[in-house]
Peer 1: 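Pasting a structure below so you can have a look.
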Amino acid sequence: MNITSTSKAGTSWLFKMAWRDGKASGKRLLLFMASIILGIAAVVSIQSFSQNLQENIGLQSKALMGADFTIDMEQLPSEKTQAIMDSLGGANGREINFASMVAFKKNGATKLVEVRGIEGGFPFYGTIETKPRAAAKTYQKEGGALVDATTMLQYGVKVGDSVKIGSIIFPITGELLSVPGSGGISASVAPPVIIPYSFIEATGLLQIGSRVEYNYYFIADVGQDLVELNDTVDPILDAEHADMDTHIDTSQRLGRRYENVGKFLNLVAFIALLLGCVGIASSVHIYIKEKLRAVAVLKCIGATRKQTFLIYLIQIAGMGLLGGVIGTALGLLLQQSFPVILQGFLPFQVAISTSFQSIFMGLLLGVFMSVLFALTPLLGTWYVSPLQVLRIQEQRSSKSKKAGLVVLGIIVLFTFLFSLWLLENWKYALSFVVGILITFSVLAGFASLFMKAIKKYFPISWSFTARQSLLNLFRPNNQTMVLILTIGVGAFLISTLYFTKDFLLAKATLESSANTPNIILFDVQTNQKEAVANSITPKGLPILDNIPIVTMRVHSIEGRLANDIRADTTSTINQWILNHEFRVTYRDSLIASETLVGGEWFSKSTTDGPVPISLSDNVARDAQVEVGDAMIFNVQGVLMETVVDNIRTVDWGRLQLNFSIVFPSNVLENAPQFHVLTTHAPDEATSANLQRELVGKFPNVSILDLRQLMSLIEGILDKISWAINFMAFFSILTGVIVLIGSVRNSKYQRIKESVLLRTLGAKSKQILRITALEYLYLGLLGSGLGVLLSLVSSQLLASFVFETPFVPSWVPFLIVMPAITLLVLFIGLSNSRSVLNSPPLEVLRKEGN
Amino acid sequence: MPKILNVRNLGKTYTSGSKKLTVLDAISFELEEGDTFSIVGPSGSGKTTLLGLCAGLDDANSGTIELCGMSLSDMNEDERALLRNKNVGFIFQDFQLLPTLTALENVCVPLELQGDKNANKISIDLLDKVGLANRMDHYPSQLSGGEQQRVALARAFSNSPSILFADEPTGNLDEETGEKVVQLLFDLNKEMGTTLVIVTHDLDLAKKSKHILRLKGGKIIANQSTVQA
């Protein structure tokens with residue numbers, strides 16, 4: 001007799017056994033499947049969409065720019081810049097653009113727009129889409145204006161009407177549907193209006209301080225290396241305060257911008273997937289626990305450890321694959337809705353195609369996650385002794401504990417690698433994993449403490465039902481740990497999403513009171529200041545701010561000329577500091593959005609020596625200067641020596657005028673300057689009336705109506721909120737499914753006890769009360785701990801990731817916690833229904849197997 | 001006659017906290033092929049523990065067991081599983097059928113583990129022999145206790161075992177059903193020439209076997225032969 005030979009049952013028998021057993025247990029694993037399906041659907045839909053987005057950006061980069069490359073500047077080209085452009089074969093097209101108010105003659109309505117004066121055949125790639133289509137080609141010849149279609153709709157203007165831009169009235173020859181270079185959120189604030197280049201001068205809108213951009217468009221030679229060209233020419237142009245951009249840069253920049261949107265969505269999807277994993281782990285844990293007796297029987301009649309382990313591994317992997325297939329299909333369907341949901345953020349139409357990488361990932365994830373998160377309970381089949389057929393053995397061997405730790409290590413590693421892949425930042429990924437680990441540990445620790453505390457301080461004097469419900473929490477076969485972990489992690493992730501969503505939305509909430517400006521007037525020339533004020537005050541409106549602005553550039557830092565710093569390849573001073581035209585104001589006090597973090601507020605005299613100045617912390621950091629360091633500014637041709645007197649933090653999120661550099665009074669008063677005036681209009685009619693008058697009298701003044709901006713921002717926030725809610729819905733739905741699954745599975749743990757009590761004469765009310773109290777304790781403890789932990793995680797997210805103050809919302813406490821507790825209670829009670837409605841023996845026969 | 005089970009100086013202790021509990025102490029006996037053997041004794045005397053050790057379901061603390069000529073202490077768990085699959089049959093007090101498998105599938109499993117292509121046919125024949133030809137597609141929960149034990153009997157004999165261990169085979173059955181199951185057990189045993197080891201409280205059942213081993217407090221108090229009717 002050769003006993004050492006292996007079992008002759010082949011792989012097909014393992015599949016057969018997995019199928020036989022699985023089909024009889026399928027109902028119990030349905031919720032397990034649902035968790036995988038939702039998690040995978042969320043990941044696949046988002047991944048596939050992100051990939052489509054990246055591909056579209058790559059494909060449409062030339063059309064987005066309208067040329068192969070551009071050279072842009074904020075002033076007319078210097079001689080050197082002109083020479084460079086000539087050496088590149090001369091620009092194929094050019095443009096001047098700036099923000100300005102326009103007035104529609106038809107109804108007198110005014111609007112801040114981006115005026116784009118275009119010359120030449122721009123765009124050379126992509127098209128200007130207009131209605132009628134021919135208008136894009138004829139506006140130059142006809143001297144007409146193409147006005148953003150949404151604005152026209154908003155103001156009831158039609159083709160054939162006219163628009164006043166500065167001193168010129170243009171006939172509107174077409175509705176502008178899309179144009180390269182305009183799009184996204186900025187186009188919502190200042191929508192584009194295109195006019196022929198030759199008319200710009202005549203509008204009279206180019207004045208001191210006007211923020212103008214000159215763009216020169218180029219078509220590259222065939223085979224020209226744009227990266228190399230950019231590397232060679234851009235540094236020279238930088239010194240001339242000009243900048244080169246290639247369509248590759250545009251695509252990369254856009255890619256990065258939407259990558260962040262993708263990253264956020266990926267994180268949400270990952271949370272859904274993690275919740276799914278919790279669902280897998282908890283349902284398989286209870287499922288396998290019930291199977292251990294059958295495993296012992298199989299071992300008793302000759303199955304090896306490997307065979308019994310593989311039977312259930314195949315079963316779980318099969319379910320994972322099926323869940324992956326359904327989840328992937330659902331995800332691919334879902335991604336079709338993304339372009340609609342994210343319409344507000346996207347600069348172009350995204351063509352949706354099937355991403356095979358996402359399909360493969362969905363299927364792989366389905367199997368891999370299922371197996372990985374089921375491994376710990378599955379190990380139980382390996383270590384269960386065949387002796388269990390004769391008597392119950394609860395002891396876990398040290399070997400099985402070691403194996404459990406190894407599996408735990410793999411799970412942690414996987415979670416880290418997966419979040420690293422999604423977030424592309426090891427610090428965030430590590431924090432995410434550590435956060436999850438801490439959450440699990442705290443929940444497990446509390447569950448364990450809770451059980452010990454009840455055991456130690458057991459209230460003997462309580463009624464029978466109250467005692468029984470407490471006993472259920474710590475006696476053998478209790479489900480306290482598994483359910484508190486599941487409920488807790490579910491509540492934690494769901495309420496973290498809520499808290500995060502709330503503070504992100506609160507960050508953009510706009511204050512509004514009579515003393516808060518809601519109309520801002522830019523580009524008011526010094527000689528217009530009084531006249532503008534005189535147009536405002538007679539209407540009973542206050543002048544809330546009168547802010548002078550002087551433009552200047554950095555000439556030197558700590559004695560080193562800006563040009564030398566630019567040429568020094570080892571310098572770590574940020575280039576934008578050297579190239580930027582700063583808009584500087586002067587005043588003698590801090591404003592509400594500023595906090596002093598270094599030095600004192602203008603302690604030095606302004607008459608002797610260098611002028612003390614105040615820098616915002618980001619400028620000080622990027623310029624690498626500290627309090628006491630010297631800087632020289634070029635104030636429109638005059639060099640001005642300054643010393644950094646103090647450094648401020650600025651809350652740039654506030655909707656008010658903030659400045660990077662502030663001078664003290666009595667220094668810049670005589671420098672060429674313009675002003676920003678603000679006022680508060682109590683209603684829309686007053687605001688429209690004022691704007692109409694000001695645009696008529698002072699065409700160069702740009703007016704920003706914050707009320708309009710607020711409704712725009714609110715619209716955008718609504719869209720963001722919609723997108724967040726839509727994705728959060730997935731996570732929450734997965735969480736609920738996981739909860740249902742776990743609590744439903746626990747039914748099989750409790751049913752025999754309930755039936756026994758029933759047999760011994762317990763009334764329905766008593767059984768119901770015992771069950772209700774047990775699930776109430778579990779629901780309250782799990783969801784309460786989860787919500788409290790999410791408070792900590794959200795605080796950390798707010799401080800370190802979003803850098804915003806955290807004001808906790810009450811929603812998780814008032815809605816999430818009670819809702820989860822009630823859900824747990826409801827499912828728990830529905831578990832007892834069969835016990836209450838049928839004879840004990842019937843229940844045992846039906847449910848026990 | 002060759003010895004199919006040879007137990008020498010067997011001891012088993014359990015540790016509960018700091019206390020050591022001796023369940024079996026210096027147990028020795030041997031069985032020849034084809035023997036029928038009953039282990040009797042009061043509750044807690046170590047009967048089930050002895051059966052578990054003899055079938056290789058647990059490890060002894062001292063002594064040796066040779067089953068089918070193989071020393072169990074020299075084998076790992078998987079080797080013992082294979083030994084059981086080829087040579088051992090089991091019947092339990094609470095039947096221990098796999099709840100998610102039909103009656104026929106339950107009987108097939110030991111044969112399928114051996115890779116036997118005729119598993120289905122042999123199992124159908126056996127179910128027919130135990131009178132369950134018309135219930136073979138039923139799940140255990142759809143069968144009565146007696147029917148479940150008859151399926152367990154069919155499963156126990158499906159691999160034509162050299163030795164069959166039965167732990168209280170009638171413990172969960174009424175007298176009439178119990179008698180029928182016992183009759184079936186001895187008939188199949190006779191037909192297949194299997195060695196039978198029964199753990200029981202039931203002295204009438206014990207007397208049907210050739211030898212009776214009496215245990216008390218983990219020790220043998222008698223090992224006697226019975227007069228066969």
Side-chain angles (χ1 to χ4, degrees), chain A residues 1-10 12-14 16-28 287 290-291 293-309 311-312 315 382-391 393 395 841-849, chain B residues 48-49 51-53 55-59 67-70 74-90 92-102 105-106 108-116 119 139-143 152 155-156 158-159 161-162 165 167-168 199:
Chain A
M1 187 165 42
N2 181 13
I3 295 307
T4 51
S5 64
T6 52
S7 168
K8 286 182 183 161
S12 60
W13 179 77
L14 297 175
K16 196 167 158 185
M17 279 300 286
W19 169 246
R20 280 171 178 168
D21 186 73
K23 89 183 156 164
S25 321
K27 226 166 68 182
R28 292 188 190 188
Y287 177 72
E290 287 171 53
K291 294 285 178 188
R293 181 59 79 96
V295 173
V297 173
L298 276 172
K299 285 187 177 177
C300 206
I301 57 182
T304 60
R305 281 175 298 185
K306 195 171 156 191
Q307 283 172 325
T308 51
F309 177 78
I311 288 170
Y312 292 98
Q315 212 175 70
W382 187 277
Y383 291 104
V384 70
S385 159
L387 195 64
Q388 279 221 11
V389 292
L390 297 174
R391 58 167 62 94
Q393 279 186 318
Q395 272 179 318
L841 207 58
E842 192 184 313
V843 178
L844 274 183
R845 284 202 162 197
K846 206 165 73 182
E847 310 278 4
N849 291 315
Chain B
T48 302
T49 306
L51 180 109
L53 289 171
L57 301 180
D58 198 5
D59 293 316
L67 180 65
C68 304
M70 308 291 291
D74 295 338
M75 301 167 87
N76 66 28
E77 208 176 294
D78 285 344
E79 286 167 344
R80 293 200 295 238
L82 283 171
L83 174 69
R84 284 195 295 272
N85 181 235
K86 287 189 171 180
N87 301 286
V88 181
F90 280 102
F92 304 101
Q93 181 178 0
D94 45 4
F95 327 131
Q96 299 290 5
L97 297 176
L98 296 166
T100 49
L101 268 54
T102 62
E105 287 167 346
N106 261 289
C108 280
V109 170
L111 290 164
E112 286 173 341
L113 276 165
Q114 291 180 2
D116 193 325
Y139 285 97
S141 60
Q142 297 165 323
L143 300 173
R155 182 178 71 185
S158 65
N159 58 340
S162 313
F165 294 98
D167 181 28
E168 302 279 11
V199 163

Peer 1: Shortest non-hydrogen contact from Ala81(B) to Ala303(A)?
Peer 2: CB-O, 3.5 Å

Peer 1: Is there side-chain contact between Met17(A) and Leu101(B), with heavy atoms separated by less than 4.5 Å?
Peer 2: yes

Peer 1: Please tell me if the side chains of Pro386(A) and Arg80(B) come closer than 4.5 Å, counting only heavy atoms from C-beta onward.
Peer 2: no

Peer 1: How many angstroms lie between OG1 in Thr49(B) and CG in Leu387(A), if you round to the nearest 0.5 Å?
Peer 2: 7.5 Å

Peer 1: Looking at every heavy atom in both Leu113(B) and Gly302(A), which two are closest together, and how far apart are they?
Peer 2: CD1-C, 3.8 Å

Peer 1: Tell me, for Gln96(B) versus chain A, whether the close heavy atoms (under 4.5 Å) come from the side chain, the backbone, both or neither.
Peer 2: both

Peer 1: To check you understand the geometry: which heavy-atom pair defines the closest contact between Arg155(B) and Val297(A), and what is its length?
Peer 2: NH1-CG1, 3.7 Å

Peer 1: Mind listing the closest non-hydrogen atom pair of Leu57(B) and Ser385(A) along with its distance?
Peer 2: O-OG, 3.7 Å

Peer 1: For chain B, find which of Lys291(A), Lys299(A), Lys16(A) contributes the most heavy-atom pairs closer than 4.5 angstrom.
Peer 2: Lys299(A)

Peer 1: By the definition side-chain contact (heavy atoms from CB on, under 4.5 Å), identify the one residue from Val109(B), Asn159(B), Asn106(B) that meets it with Ile301(A).
Peer 2: Val109(B)

Peer 1: Could you tell me which non-hydrogen atom of Cys300(A) sits nearest to which non-hydrogen atom of Phe92(B), and how far apart they are?
Peer 2: SG-CZ, 3.6 Å

Peer 1: Side chain, backbone, both or neither: which part of Asp116(B) has a non-hydrogen atom closer than 4.5 Å to chain A?
Peer 2: neither

Peer 1: If I compare all heavy atoms of Val384(A) with all of Glu77(B), which pair ends up nearest, and what's the gap?
Peer 2: O-OE2, 4.1 Å

